[in-house]
Amino acid sequence: MNLSVPARPYDFPLDPSRAALVVIDMQRDFIEPGGFGDALGNDVSRLTAIVPTVAALIALFRENGLPVIHTREAHKPDLSDCPPAKRLRGKPGLRIGDDGAMGRILIAGEPGNQILAELEPADGELAIDKPGKGMFWATGLHETLQDRGITQLVFAGVTTEVCVQTSMREANDRGYECLLIEDATESYFPEFKASAIEMIVAQGGIVGWVTPLASLAQVLSKEAVHG
Ligand code: C5J
């Protein structure tokens, strides 16, 4: 059964039996004051502001018995999955693997690498560590989604123009229909978020669809799915 979700560039044909929510990189180091993002000089309050909306979106999926997948941008402690071209890029005060205020930067298991407590994965929900910006590179996620019959992905998380957009583009190329929840994603740079959204919906939805949480919530109610 398809539900018609008002969206740009046109209504998204949501099939709850084939859909999953993907929450990208809502980890402490990108979002909390004192973390990696903060240390790089970014205004993390922009990202902190979407946490209640992301929490509401996760709750909406859980209430409807729909799958929720979480990602973390994370590397192995020995950095064997971090190409030098990534680690050495730019001239930051701190690099991936260095000791930061919340442990080693972007290293799996470190305090800063944890998903925010408010958005913690529930038992049974998939939480994947991804060494790239995109969620399919070196994760095996495509095979897992195929096994579960998932063909539609609803996206939230940070940052819109980096890991969210990269993951959406990777998903689009693999044949998934992608819907971005615009008030459940954010960037350190408002103009980059706005541009990323326009790029996604341009040319008839060349990457996918975009809608606010309220539009999805209106149709994805318990009555709509189960009634
Ligand atoms: C970045 C991300 N911005 N999760 N990572 O480096 O978007």
Side-chain angles (χ1 to χ4, degrees), residues 7-9 12 21-57 69-75 82-83 85-96 100 105-106 112-113 115-116 119 130-137 153-173 176-216:
R8 293 175 65 209
F12 183 78
L21 171 64
V22 184
V23 184
I24 301 282
D25 298 0
M26 292 298 287
Q27 56 203 72
R28 297 181 63 206
D29 250 336
F30 290 135
I31 298 168
E32 287 191 4
F36 184 41
D38 194 9
L40 293 177
N42 295 303
D43 176 7
V44 295
S45 68
R46 296 188 51 78
L47 274 53
T48 318
I50 66 161
V51 173
T53 310
V54 177
L57 176 60
I69 298 162
H70 308 257
T71 71
R72 288 174 291 250
E73 187 172 346
H75 293 277
C82 183
K86 180 177 184 185
R87 184 171 139 74
L88 300 177
R89 188 72 49 85
K91 295 185 177 166
L94 286 171
R95 293 189 186 279
I96 295 168
I105 304 295
L106 296 191
N113 205 235
I115 291 169
L116 299 185
L119 308 177
K130 59 178 185 58
K133 303 302 182 194
M135 67 185 191
F136 290 105
W137 168 245
L153 296 170
V154 176
F155 280 88
V158 298
T159 59
T160 315
E161 78 281 10
V162 185
C163 290
V164 175
Q165 186 178 202
T166 303
S167 296
M168 270 188 91
R169 287 177 180 273
E170 285 186 341
N172 190 45
D173 281 350
Y176 297 92
E177 293 169 307
C178 300
L179 174 65
L180 175 64
I181 305 302
E182 60 189 306
D183 44 352
T185 182
E186 197 45 87
S187 169
Y188 300 123
F189 309 97
E191 66 276 23
F192 288 176
K193 173 180 175 176
S195 296
I197 286 175
E198 293 312 311
M199 288 177 205
I200 286 164
V201 301
Q203 302 179 74
I206 197 158
V207 178
W209 289 256
V210 177
T211 201
L213 173 58
S215 296
L216 179 63

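Along the sequence shown, residues carry numbers from 1.
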Which side-chain N or O atoms in residues 155-163 pair as donor and acceptor under 3.5 Å with protein atoms at least two apart or in another chain?
residue : atom : partner : partner atom : Å
T160    : OG1  : T185    : OG1          : 2.9
T160    : OG1  : E186    : N            : 3.2
T160    : OG1  : E186    : O            : 3.3
E161    : OE1  : S187    : OG           : 2.9
E161    : OE2  : S187    : OG           : 3.2

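The OH atom of Y188 sits 7.5 Å away from the CD1 atom of I31 when rounded to the nearest 0.5 Å. Atom SG of residue C178 and atom CD of residue Q165 lie 11.5 Å apart, to the nearest 0.5 angstrom. Between the CE atom of M26 and the CD1 atom of I50 there is a distance of 4.0 Å, given to the nearest 0.5 Å. Atom-to-atom distance recorded for L21:CG and L216:CG is 9.0 Å, nearest 0.5 angstrom. If you take CG on L106 and CG on D29, they are separated by 6.0 Å, rounding to the nearest 0.5 Å. Here the straight-line distance linking atom CH2 of W137 with atom CD of E170 works out to 9.5 Å at 0.5 Å rounding.
Nearest heavy-atom pair, V210 versus I200, reported as atom, atom and distance to 0.1 Å: CG2-CG2, 3.9 Å. Nearest heavy atoms, I206 versus M199: CG2-O, 3.5 Å. Contact between V44 and D38 at its shortest, heavy atoms only, is CG1-N, 3.7 Å. Minimum interatomic distance between E73 and N113 (heavy atoms only, all atoms of both residues): O-ND2, 3.0 Å. The heavy-atom pair separating I24 from K130 by the smallest distance is CG2-CE, 4.4 Å. Counting all heavy atoms, side chain and backbone alike, P92 lies closest to R95 at CD-NH1, 3.6 Å.
The shortest side-chain heavy-atom distance between H75 and K86 falls under the 4.5 Å cut-off. The shortest side-chain heavy-atom distance between T211 and I181 falls under the 4.5 Å cut-off.
In this structure, Y176 and F136 have parallel ring planes: the angle between them is below the 30° cut-off, well short of the 60° mark.
Judged purely by atom type and a 3.5 angstrom limit, D25 has no side-chain atom pairing as donor or acceptor with the backbone of Q27.
Taking E32 as the reference, R28, M102, L116 meet the side-chain contact (heavy atoms from CB on, under 4.5 Å) condition, with sequence neighbours excluded. Every residue two or more places apart in sequence or in another chain was checked for a side-chain contact (heavy atoms from CB on, under 4.5 Å) with P52, and none qualifies.
Heavy-atom contacts from other residues, nucleotides or ligands closer than 6.0 Å to CD of Q203 number 12 or fewer.
Screening D43, N42, T48 for a side-chain hydrogen bond (donor to acceptor under 3.5 Å, both in side chains) with S45, the sole residue that qualifies is D43.
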